[in-house]
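These notes are about the structure you will find just below.
Every chain is numbered from 1 and lettered A, B, ... according to where its sequence line falls, protein lines coming before strand lines. If you're wondering where the values come from, they're calculated on a predicted model, not measured in any experiment.
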Amino acid sequence: MNFSGALLKWYDQNARVLPWRSHPSPYRTWVSEIMLQQTQVESVIPYFERFMQRFPNFESLAMATQSEVLSLWEGLGYYSRARNLHKAAQLVMAEYGGKLPSTSKQLMQLPGIGRYTAGAIASIAYGQSEPALDGNIRRVYSRLLALEEPLRSPASEKLLWSFAREACPNERAGDFNQALMDLGASICLPNQPLCPQCPLQANCQAFQQGSQNQIPVVEKKAPVPHYIVTAAVIQQEGLVLIQQRPQKGLLGGLWEFPGGKLESSDANLAACLQREIWEEIGARILIGPAFGVYKHAYTHFRIRLHAFLCQLEPGQQVTETDSLRWVQPSQLAGFAMGKVDRQIAENLNKDLLQ
DNA sequence: AAAACGTGGCC
DNA sequence: TGGCCAAGTTT
């Protein structure tokens with residue numbers, strides 16, 4: 001099955017105009033590919049523009065503080081991408097003389113670059129004939145092949161990567177890969193694909209069977225748990241206490257108002273918060289007025305967070321460390337936070353303006 | 001190798 | 001409202 005010609009012809013007339021496609025460079029391709037991991041194009045565009053203004057090249061990114069990189073990333077999610085991007089820029093400066101390596105194998109050695117991203121960069125930025133398999137292309141190929149096996153099974157993964165390797169042309173591989181992604185994003189949609197407009201209709205077994213709405217086969221995900229969480233807005237002499245999360249794990253490296261999950265042993269929300277602050281910070285606090293209930297859905301769980309205005313118990317003190325800071329509420333904007341804590345920070349500043 | 005990892009938009 | 005999905009990688 002050779003559909004490369006029809007696909008590229010379609011792409012020549014329908015390619016989306018995107019910031020990283022104008023003035024292309026390996027640096028811009030790399031940053032865009034990291035930002036686009038599990039993230040839709042429309043969400044990425046403003047972040048990409050800001051990032052390029054502030055960090056136009058490997059050197060500026062490598063020289064930056066992690067704090068500044070995370071701040072520019074705030075709101076995009078999957079923050080390990082930002083930490084890895086920063087690390088990788090420093091590696092490129094130190095090990096590759098400031099020039100991104102060009103082979104898929106070398107690219108995969110850099111943090112944050114896996115099989116897909118290595119293929120995407122090698123093909124788009126360096127014109128190499130390397131396949132890339134992302135969510136869009138998996139869907140397109142599963143329909144071309146009328147694949148009845150679940151899309152993310154090991155067997156399907158093997159089949160799809162090998163199909164991608166075979167289909168990838170020697171010329172214009174970067175355009176070929178991007179064309180498949182554009183096609184998946186605009187025509188070969190997850191639901192109700194626009195088959196009449198598809199340049200690959202003649203190559204599509206699912207369309208011929210009329211099974212395009214049943215393919216790909218996606219296995220259902222387990223329902224996510226729901227947790228009750230508390231957070232303390234501890235104020236003292238006009239300052240508020242924030243804590244930096246560990247580098248690994250959820251919201252790694254971001255700042256937050258300390259607190260934690262309600263456990264079955266906690267008598268109530270106040271008891272939960274006092275326990276958490278004692279465990280995390282070693283201080284006893286007084287719980288004051290409620291400061292909002294914040295609902296949020298992460299990838300693998302859902303929370304309902306109860307915030308409270310708090311004070312240290314008389315005689316208690318909390319000394320600043322690298323990960324524990326007393327800051328003016330107006331300074332909170334300079335500390336990267338996840339969505340919920342950012343909302344709390346903004347509400348705090350709103351309140352203080354009254 | 002299954003689970004963890006964010007957020008916004010859509011229905 | 002809640003589930004699904006989005007240019008995946010890491011452990």
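Of the residues near DNA chain C, A:V41 and A:R302, the one whose nearest nucleotide (by heavy atom distance) lies more toward the 5' end is A:R302.
Distance, A:W73 CH2 to B:dT7 C1': 13 Å, rounded to whole Å. Put simply, CG on A:N191 is 9 Å from C1' on B:dC11, counting in whole angstrom units. If you take CD of A:E42 and P of B:dG9, they are 10 Å apart, rounded to a whole angstrom.
Under the 3.5 Å distance criterion, the side-chain polar atoms of A:T230 are matched with a main-chain donor or acceptor of A:G260. One N or O on the side chain of A:Q274 and one on the backbone of A:I285 form a donor-acceptor pair closer than 3.5 Å.
Interface residues of residues 16-37 of chain A facing DNA chain B, ordered by number: none; criterion, heavy-atom separation under 4.0 Å.
Phosphate contact (OP1/OP2 of B:dG6, side-chain N/O of A:H296, threshold under 4.0 Å): absent.
Residue pairs meeting the ring pair (Phe, Tyr, Trp, His ring centres under 6.0 Å) criterion with at least one partner in residues 91-110 of chain A, sequence neighbours excluded, are absent.
The side-chain contact (heavy atoms from CB on, under 4.5 Å) with A:R325 is formed by just one residue from the set A:Q244, A:E320, A:Q331, A:Q243; it is A:E320.
A:R115 and A:D134 are not joined by a salt bridge, as no carboxylate oxygen comes within less than 4.0 angstrom of a charged side-chain nitrogen. Salt-bridge annotation for A:R275 and A:E279: present, with a side-chain N of the basic residue lying under 4.0 Å from a carboxylate O of the acidic one. Contact check on A:K261 versus A:E276 returns no salt bridge, with no Lys/Arg side-chain nitrogen under 4.0 Å from an Asp/Glu carboxylate oxygen. Ion pair A:E157/A:R138 flagged as a salt bridge, since at least one NZ, NE, NH1 or NH2 atom sits closer than 4.0 Å to an Asp/Glu carboxylate oxygen. Between A:R172 and A:D12, at least one side-chain N (NZ, or NE/NH1/NH2) sits under 4.0 Å from a carboxylate O, which counts as a salt bridge.
A gap of 13 Å separates the P atoms of B:dG6 and C:dT11, to the nearest Å. Of the C1' atoms belonging to C:dA7 and B:dA2, the separation is 23 Å, rounded to the nearest Å. Nucleotides B:dA1 and C:dA6 have their P atoms positioned 23 Å apart, rounded to a whole Å.
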Heteroatom pairs (N/O) under 3.5 angstrom, protein to nucleotides 2-5 of chain B:
residue	atom	partner	partner atom	Å
B:dC5	OP1	A:L250	N	3.3

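Counting 5' to 3', DNA chain C first comes under 4.0 angstrom of a heavy atom of chain A and last does so at the ends given by C:dT1 to C:dT11.
For A:E313, there are no salt bridge (charged side-chain N to carboxylate O under 4.0 Å, His left out) partners, not counting sequence neighbours. Residues forming a side-chain hydrogen bond (donor to acceptor under 3.5 Å, both in side chains) with A:S60 (at least two apart in sequence, or on another chain): A:N57.
Using a 4.0 Å heavy-atom criterion, one finds that A:A297 contacts the bases of the nucleic acid, with or without backbone contacts as well. Nucleic acid contact for A:G184: none, since no nucleic acid atom lies under 4.0 Å from a heavy atom of the residue.
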